[in-house]
Amino acid sequence: MSKGNTTKITDELYAYMLAHNPPLDEHQRGLVVTTEEKFPDVAGMQSAAEQGPILAFLVRLTGAKHVVEVGTFTGFSALSMAQALPADGTLIACDVSEEWTAYGRRAWEAAGVADRIDLRLAPALDTLRAMPTEPHIDMAYLDADKQNQVAYWEELVPRMRQGGLIVTDNTLFHGGVLSEDPSPSEAGVQAFNDHVTADDRMESVLLAISDGLTLSRKR
């Protein structure tokens, strides 16, 4: 089967796309730059610049008030989603690094949304399992260690309200989903994608956005 879109995303075309999307504000831009300067070796863990507006758009589109993020890093995605939440909305951010999230805390405070973000520094599976078991989550963003993706999914899905949305990043994993001799992370993403495709509780689409973005809606 031939692919329907043969547009090659050059640097110039990528810049054009960003210019025609909602711009990052000073707090978002500052956090992106700080992350690249402070953590150049792992800055690729930060959600892509175009994903901030996408996540904010999805928060508003779903009318989300209760959001869960698995994998916060330096806080760019949490900031983008929290800014789109209503004043009484809450985002539970799961991470294990005090060092990385400290930069996020400062940006959230400066942007005036720190009161909407509940950062929980602990293994994400522990945090998820401690949450109420009834469906109550409006939207979740899954962007953490790939070996545990299926386990995170299995904790999130029962807790999603009907119509709730799970957004999963890196579901193409730099092309590693096609690897015949996968690394542990590549194998984790391969297993996750197969698991999601077979899960009748959700309807899912995998989009070629950034490094692959899967949107999954609770039936």
Side-chain angles (χ1 to χ4, degrees), residues 21-22 28 45-73 75-95 108 113 116-120 124-125 127-146 148-173 177 188-189 191-219:
N21 272 334
Q28 293 170 322
M45 292 171 54
Q46 183 172 245
S47 296
E50 69 269 25
Q51 288 177 280
I54 290 171
L55 291 169
F57 181 86
L58 292 172
V59 168
R60 288 188 286 265
L61 183 67
T62 58
K65 293 181 67 175
H66 188 181
V67 176
V68 174
E69 176 179 70
V70 182
T72 296
F73 190 38
F76 170 70
S77 51
L79 172 60
S80 300
M81 290 186 286
Q83 289 174 313
L85 283 170
D88 60 345
T90 300
L91 185 153
I92 296 175
C94 306
D95 207 282
W108 304 337
V113 296
R116 302 178 194 175
I117 301 175
D118 178 3
L119 176 62
R120 301 187 183 181
L125 281 174
T127 299
L128 294 175
R129 289 168 178 163
M131 292 180 183
T133 56
E134 70 272 7
H136 65 284
I137 301 171
D138 300 314
M139 180 172 153
Y141 182 46
L142 183 49
D143 186 18
D145 57 298
K146 308 313 175 188
N148 280 313
Q149 292 279 71
V150 171
Y152 297 141
W153 174 269
E154 285 300 319
E155 295 300 328
L156 284 168
V157 170
R159 293 172 169 84
M160 303 301 299
R161 65 161 173 83
Q162 185 178 7
L165 185 67
I166 299 178
V167 182
T168 308
D169 198 15
N170 305 119
T171 49
L172 293 178
F173 206 71
V177 290
V189 177
F192 176 81
N193 288 342
D194 290 343
H195 187 81
V196 169
T197 300
D199 194 334
D200 290 337
R201 297 170 297 177
M202 308 287 285
E203 54 178 335
S204 300
V205 292
L206 196 166
L207 305 174
I209 295 173
S210 190
D211 190 30
L213 199 67
T214 295
L215 307 183
S216 306
R217 179 180 178 273
K218 182 74 173 287
R219 296 185 188 274

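FYI, the numbering just counts along the sequence from 1. Both backbone and side-chain heavy atoms feed into the values below; hydrogens, waters and symmetry mates do not.
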About how many Å separate [atom2] of [Y] and [atom1] of [X], when rounded to the nearest 0.5 Å?
X: Leu213; Y: Leu207; atom1: CG; atom2: CG; result: 6.5 Å
X: Asp211; Y: Asp143; atom1: CG; atom2: CG; result: 9.5 Å
X: Thr214; Y: Asn193; atom1: OG1; atom2: CG; result: 5.5 Å

Less than 3.5 Å apart, which donor and acceptor atoms pair up between the side chains of residues 81-93 and the rest of the protein, not counting sequence neighbours?
from	atom 1	to	atom 2	distance (Å)
Gln83	OE1	Gln28	NE2	3.1
Gln83	NE2	Asp25	OD2	2.7
Asp88	OD2	Lys65	NZ	2.7

So, do [X] and [Y] sit near enough that their side-chain heavy atoms are less than 4.5 Å apart?
X: Thr171; Y: Val177; result: no
X: Arg159; Y: Leu156; result: no
X: Leu206; Y: Thr168; result: no

Once side-chain hydrogen bond (donor to acceptor under 3.5 Å, both in side chains) is applied, do any residues pair with [X], and if so which ones, sequence neighbours excluded?
X: Glu69; result: Thr72, Ser77
X: Asp145; result: Asn148, Tyr152
X: His195; result: Glu154
X: Asp138; result: Arg161

On a heavy-atom basis, which atom in [X] and which in [Y] lie closest, and how many Å separate them?
X: Met139; Y: Ala64; answer: CB-CB, 4.1 Å
X: Gly71; Y: Asp95; answer: C-OD2, 3.8 Å
X: Lys146; Y: Phe173; answer: CG-CE1, 3.8 Å
X: Cys94; Y: Val68; answer: SG-CG1, 4.4 Å
X: Asp199; Y: Arg201; answer: OD2-NH2, 2.7 Å

* Asked: Taking Trp108 for the side chain and Ile117 for the main chain, is one N or O donor matched with an acceptor at less than 3.5 Å?
  ->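 No, because the side chain of Trp108 does not come within donor-acceptor range (under 3.5 Å) of the backbone of Ile117.
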Taking only residues two or more places apart in sequence, or in another chain, which ones meet [X] in a salt bridge (charged side-chain N to carboxylate O under 4.0 Å, His left out)?
X: Asp194; result: none
X: Arg217; result: Glu203
X: Arg129; result: Glu155

* Asked: By ring pair (Phe, Tyr, Trp, His ring centres under 6.0 Å), which residues pair with Phe76, not counting sequence neighbours?
  ->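 If we apply the ring pair (Phe, Tyr, Trp, His ring centres under 6.0 Å) test to Phe76, skipping adjacent residues, there are no hits.
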Identify every side-chain donor-acceptor pair in residues 49-58 under 3.5 Å, counting partners at least two apart or on other chains, and give the distances.
from	atom 1	to	atom 2	distance (Å)
Glu50	OE1	Tyr14	OH	2.5
Gln51	OE1	Ala48	N	2.8
Gln51	NE2	Asp169	OD1	3.0

* Asked: Crowded around Gln162 CD? As in, over 12 foreign heavy atoms under 6.0 Å?
  ->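 No, not enclosed.
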* Verdict with supporting geometry, Tyr141 and Val67, side chain to side chain contact (heavy atoms under 4.5 Å, CB included) -> CA-CA 8 Å; Tyr141 182 46; Val67 176; 5.7 Å; no
* Asked: Under the side chain to side chain contact (heavy atoms under 4.5 Å, CB included) test, which residues partner Lys218, sequence neighbours left out?
  ->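 Val157, Met160, Met202.
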